[in-house]
Amino acid sequence: MREVMSKYYAQRANTYESIYQRPERQKDLLEIEQRVNSALENHKVLEVACGTGYWTERFAPVVQSVLATDINQSMLDVAAAKEYPLDRVQFGLADVFALPASTKEQYSACFAGFFWSHVKREEQADVLAQFSRAAGKGSFLVMIDNNYVEGSSTVIARTDLAGNTHQFRLQEDGSRVEVVKNFPTDSFLRKRIGLAARDIRIFRNQYFWMLTCVLK
């Protein structure tokens, strides 16, 4: 499934940001952007699965620094072509499931935008451990993702035995691919993330959710 997701997003590098253009989501999107910027202000950020740098571009002006990573070079190429505050943003290839350990005080925060929903339930503990290892214990974690909204979200195609929900997406070449897309409740997030973090806070508007916590 990881390989499927990687290939899917590699094909979408040049059109991915169209998902942020839906008119009905603009108010909620702006609210999340403001909250992300407030949460990450003055932090040294490790961003995982940065994609096209949509979120990197938005919070870069308020942070001390950011290393934005992704598994797809095609995504990083799009991200790196954008304009950022001088000497504040770097990019690097990295697999979320094999992140390099941080050096002392290298980062103070980790950011993951619209990534958690693609992580299988059975792999979430490993991902949280990777975040802690890469950003450092005691670092601040900020995650944002989608709520399921009937009539706006892509319909759920199936639910597997582990409780993961799946959607069908169209590739740029017209083929159809099945992807994991989970929509966790607040209680599920608190239960799962509470094993690896403290001070969990969750905010939701109609279309998006945001979680902040401190990694153990």
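- Checking side-chain atoms of Q167 against main-chain N and O of K181 turns up no donor-acceptor pair under 3.5 Å.
- Not a single ring pair (Phe, Tyr, Trp, His ring centres under 6.0 Å) links F115 to another residue, sequence neighbours left out.
- Going from atom CG of L141 over to atom SG of C110 covers 5.5 Å, rounded to the nearest 0.5 Å.
- Remark: side-chain polar atoms of S153 are paired, donor with acceptor, to backbone N or O of V149 under 3.5 angstrom.
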For I32 and W55, run side chain to side chain contact (heavy atoms under 4.5 Å, CB included): C-alpha distance rounded to whole Å, both residues' side-chain angles, the deciding distance at 0.1 Å, then the answer. CA-CA 11 Å; I32 289 293; W55 291 98; 4.0 Å; yes

Scan the side chains in residues 192-201 for donor-acceptor partners under 3.5 Å anywhere in the protein, sequence neighbours excluded, and list what turns up.
residue : atom : partner : partner atom : Å
R192    : NH1  : R121    : O            : 2.7
R192    : NH1  : Q124    : OE1          : 2.8

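- Not a single ring pair (Phe, Tyr, Trp, His ring centres under 6.0 Å) links Y107 to another residue, sequence neighbours left out.
- No chain of hydrophobic side-chain contacts below 4.5 Å, direct or via other Ile, Leu, Val, Met, Phe, Trp or Tyr residues, connects W116 to I156.
- Distance check, rounded to the nearest 0.5 Å: CG of D186 to NZ of K191 gives 15.0 Å.
- Rounding to the nearest 0.5 Å places CG of N205 at 10.5 Å from CZ of R25.
- Residues satisfying the side chain to side chain donor-acceptor pair (under 3.5 Å) test with D28, not counting sequence neighbours, are none.
- Put simply, the side chain of R88 gets close to the backbone of A60: a donor and an acceptor are under 3.5 Å apart.
- Salt bridge status for K120 with D160: absent, with no side-chain N to carboxylate O gap under 4.0 Å.
- In this structure a side-chain-to-backbone donor-acceptor pair under 3.5 Å is present from R133 to L99.
- The side chain to side chain donor-acceptor pair (under 3.5 Å) test applied to E57 returns no partner, not counting sequence neighbours.
- Between the side chains of N42 and Q64, no donor N or O sits under 3.5 Å from an acceptor N or O.
- Looking at residues two or more places apart in sequence or on another chain, you find a salt bridge (charged side-chain N to carboxylate O under 4.0 Å, His left out) between R58 and E33.
- Looking at heavy atoms from C-beta onward, S152 lies in side-chain contact with Y207 at the 4.5 angstrom threshold.
- In this structure, V179 and H166 have side chains that are not in contact, with every pair of non-hydrogen atoms separated by 4.5 Å or more.
- By the side chain to side chain donor-acceptor pair (under 3.5 Å) test, R35 is found to be paired with no residue, residues two or more places apart in sequence or in another chain being considered.
- No donor-acceptor pair under 3.5 Å is formed between the side chain of S132 and the backbone N or O of A129.
- Q26 is linked by a side chain to side chain contact (heavy atoms under 4.5 Å, CB included) to L29, counting only residues two or more places apart in sequence or in another chain.
- Expressed to the nearest 0.5 Å, how far CG of L189 lies from CE of M143 amounts to 6.5 Å.
- Sequence neighbours left out, the pairs with a member in residues 61-96 that pass ring pair (Phe, Tyr, Trp, His ring centres under 6.0 Å) are Y84-F91.
- Using a 4.5 Å heavy-atom cutoff, the side chains of V180 and V119 are not in contact.
- When all heavy atoms are compared, the tightest approach of A68 to L76 is O-CD2, 4.0 Å.
- Within a 6.0 Å radius of NZ in K216, more than 12 heavy atoms belonging to other residues, nucleotides or ligands are found.
- Ring-plane geometry between Y20 and F114 is classed as perpendicular, the angle between the planes exceeding 60 degrees on a 0 to 90 degree scale with a lower cut at 30.
- Inter-residue side-chain proximity for R190 and I202 is flagged as met; some heavy-atom pair is nearer than 4.5 Å.
- Salt-bridge check for E178 with R158: passed, with a basic side-chain N closer than 4.0 Å to an acidic carboxylate O.
- Listed by chain and residue number, F183 satisfy the ring pair (Phe, Tyr, Trp, His ring centres under 6.0 Å) test with Y148 (two or more places apart in sequence, or in another chain).
- With hydrogens and angles disregarded, a donor-acceptor distance shorter than 3.5 Å links the side chain of K82 to the backbone of T52.
- Nearest heavy-atom pair across A135 and L46 is N-CD2, 4.1 Å.
- S139 approaches A109 most closely through the heavy-atom pair CB-N, 4.2 Å.
- Annotation: side chain of Q73 is in contact with side chain of L93 (closest heavy-atom distance under 4.5 Å).
- Rounding to the nearest 0.5 angstrom, the gap separating the CG atom in L128 from the CD atom in E123 is 12.0 Å.
- In terms of the side chain to side chain contact (heavy atoms under 4.5 Å, CB included) criterion, residue partners of T185 (sequence neighbours excluded) are, by chain and number, S187, F188.
- Between L67 and V45 there is no side-chain heavy-atom pair separated by less than 4.5 Å.
- Between the side chain of N182 and the backbone N or O of P184 there is no donor-acceptor pair closer than 3.5 Å.
- Proximity of a side-chain donor or acceptor of T212 to a complementary backbone N or O of V142 within less than 3.5 Å is not detected.
- For E41, the CD atom counts as densely surrounded, since its 6.0 Å shell holds more than 12 non-hydrogen atoms of other residues, nucleotides or ligands.
- One distance of note links CZ of F203 with CD1 of I144; it measures 11.5 Å at 0.5 Å rounding.
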Apply side-chain hydrogen bond (donor to acceptor under 3.5 Å, both in side chains) to residues S65 and K44 and explain how you reach the verdict. CA-CA 5 Å; S65 63; K44 293 178 285 187; over 6 Å; no

In sequence, state the C-alpha distance, the side-chain angles, and the governing distance for Q106 and T103, and then conclude on side-chain hydrogen bond (donor to acceptor under 3.5 Å, both in side chains). CA-CA 5 Å; Q106 185 175 4; T103 58; 3.2 Å; yes

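- The closest side-chain heavy-atom distance from F131 to V96 is below 4.5 Å.
- Contact of the V36 side chain with the M210 side chain is registered, since non-hydrogen atoms from C-beta on lie closer than 4.5 Å.
- In this structure F59 satisfies the ring pair (Phe, Tyr, Trp, His ring centres under 6.0 Å) test together with F111, sequence neighbours excluded.
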